[in-house]
There are 2 protein chains.
Amino acid sequence: MGRPGLNRTAVIAAAADLADELGFDAVTISVLARHLGVRSPTLYSHISGATDLRTAVTAYVLDELADATSTAIAAGEGRDLLVAYADAIRDFARRSPGRYDATTRQRVPPASDPAAEIPDSVAAAITAGRRNADLALAVVRSYGIAQTDETYAVRLMSSLIHGYITLELAGTFAHSEPSSDATWGEALDDLDGSLTRLAARAAAANMVR
Amino acid sequence: MGRPGLNRTAVIAAAADLADELGFDAVTISVLARHLGVRSPTLYSHISGATDLRTAVTAYVLDELADATSTAIAAGEGRDLLVAYADAIRDFARRSPGRYDATTRQRVPPASDPAAEIPDSVAAAITAGRRNADLALAVVRSYGIAQTDETYAVRLMSSLIHGYITLELAGTFAHSEPSSDATWGEALDDLDGSLTRLAARAAAANMVR
DNA sequence: CGAATTGCCTAACAGTTGTAGGAAATCTAG
DNA sequence: CTAGATTTCCTACAACTGTTAGGCAATTCG
C-alpha cells in the first residue's frame, strides 16, 4: 500500500490546530508545510489546493463541533438542554477560536451549475453543516414548538448564540461591566423565555383544534 | 501643492467598493492597484501596507454604517426605533456584503504595550467602533432601561442583530421556509419584548424606591 | 520661469501558490 | 527474497503578491 507518512486527515487536523494557534487566515500551505516538517509541494498530494484545504478544515471542524454539542445535550430537555447546547458551542469557540472561525467563514456554494462537480470537501462541509442544523432542531423540538415555528425558533436561537459568541470572541464585551459570563446567562434566560412562549403558542393551538 | 491624483480616501473608498464586488478577502494591494489603473507600488504612497489598508477600510465602513443607522433612527423611540435601527444595519449588510464583512473582521488590539504606537487606521477604527456602540446604546436607552441593565441590553440586541445578519448573509436561511424577511420581523418582535420587559423591571424598581 | 512638492513609475527581492517530473521508501505478490 | 506497484516526498520552476528603493515627470506657487 505504498510508503506511510502523512495522510489527508492528518494534514487537515494539523491545519485546524494551526488555526487555533495563529488564526484561520494565517493557515497557508507553506506555513502548514513548515509546521509539518515537509516541503510545500508535498501537501498537494493530500489536498488539491488552498481553497480545498480551507473547506476541508471547515468540514472537519463542523464535525468536531457537532460531536461536542451532541455529547453535551445527550440528556435533558427544554431549558437544561438549551443551556447545555449553548454552553457547548461557547466552550468550543473559546477553547478553539481558530476552529470556530473556520465554521463561520463559509459561504454556501453559489447555486452552482447543475452539472458542476462538487468537490469532496464541499460535500463534506454541507453534510457536517446539516448535522449541526439537525442538532439545533432537536433542541428546539424538545420545547414542543409547533412545526410551523420550528424554523423560526432555530433561526432565533442560532442567531443569538452565534452572534453573542462572535462578538465576545472579537473582544467587544471585554471592556465593560458586567462580565460576559453574567450577560451570557441572562441572554440564555431570555432565549429560553422566547422558546417557551413559542411552545405555549403551540399548546394553545392544539387546544383549539 | 504638487500633482493631483489619488489620495488616501479615494484609495480606501475604492477598496470598499471592491470588497462588495469581490469579497473582503479578495481586496489585495495588487488587485486594488489594477482596479485603479495604477501600479501596485503606487499605493504605498497612500497606505502603509496591506494591514493598514484593511484596517482603514474597516474604519471607513464603520463610519458609513454609523451614518446609515443614525439617519434611520433620527426620529422615534422604543419599538419603532429598534426596527428602524435594525433594518438600517440589515439593509446595509445586504446592499454591501463586502463592507459588512469588513466590520466583523476586526480584532481588538491585543492589549498592546503602553508605549506601542497606535497607527492612525487603528485609532480611526476604534473611534468609529465607539460611534456605533453609542448608537446602539441610544436605542436601548429609548426603552427606558435601567443603567444597570444597559450593557446587557446592548449585548443582547447586538448579538441577535449581528448573528442573524451574518447567518442570513452566509446563505444559511436561503434553503428553508418561511422567508428570511418573515423570521427577521419575528425576531425583532421578540427582541422588542425582551427590551420592554427590561424596561418594566426598571420602572418597577423605581416604584419601590 | 524656477523650485518645491507630489504622484507615479521601473527595478528588484522575498514569500506564496501551484505544476511537472523524478527519486526513494514501503508494501504485496510470487 | 525479489520484483513490481504504490505512494510519499523532493527539487526545479513559473506566476503572482507584498514591499522597498530610487528616479522621472507633472503640477502648483512664488
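Hydrogens, waters and symmetry mates are skipped; everything else that's a heavy atom, side chains included, is used. Sequence lines set the chain letters: A, B, ... in the order given, protein chains first and strands last, and positions in each chain run from 1.
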Are D134(A) and R141(A) within salt-bridge range, i.e. N to O under 4.0 Å? no
NZ/NE/NH1/NH2 to OD/OE distance under 4.0 Å, D25(A) and R105(A): yes
Atom-to-atom span, [atom1] of [X] to [atom2] of [N] - whole angstrom:
X: L43(B); N: dT20(D); atom1: CG; atom2: C1'; answer: 14 Å
X: L6(B); N: dT27(D); atom1: CG; atom2: C1'; answer: 15 Å
X: R39(B); N: dC16(D); atom1: CZ; atom2: P; answer: 13 Å
X: H46(B); N: dT20(D); atom1: NE2; atom2: C1'; answer: 16 Å
X: I29(B); N: dT20(D); atom1: CD1; atom2: P; answer: 10 Å
X: L36(A); N: dC10(D); atom1: CG; atom2: P; answer: 11 Å
X: L18(B); N: dT17(D); atom1: CG; atom2: P; answer: 12 Å
X: Y44(B); N: dT20(D); atom1: OH; atom2: P; answer: 6 Å

Please confirm whether R54(B) makes a cation-pi placement over F24(B), using NZ or CZ under 6.0 Å from the six-membered ring centre and within 45° of the ring normal. yes
Under-4.0 Å side-chain N/O to phosphate OP1/OP2 contact, [X] with [N]:
X: R34(B); N: dT17(D); value: yes
X: S45(A); N: dC9(D); value: no
X: S30(B); N: dG18(D); value: yes
X: T28(B); N: dG18(D); value: yes

Y164(A)-T183(A) side chain donor-acceptor pair, cut-off 3.5 Å: yes
P41(A) has a side chain; which of dC9(C), dT16(C), dT11(D) sits nearest to it? dT11(D)
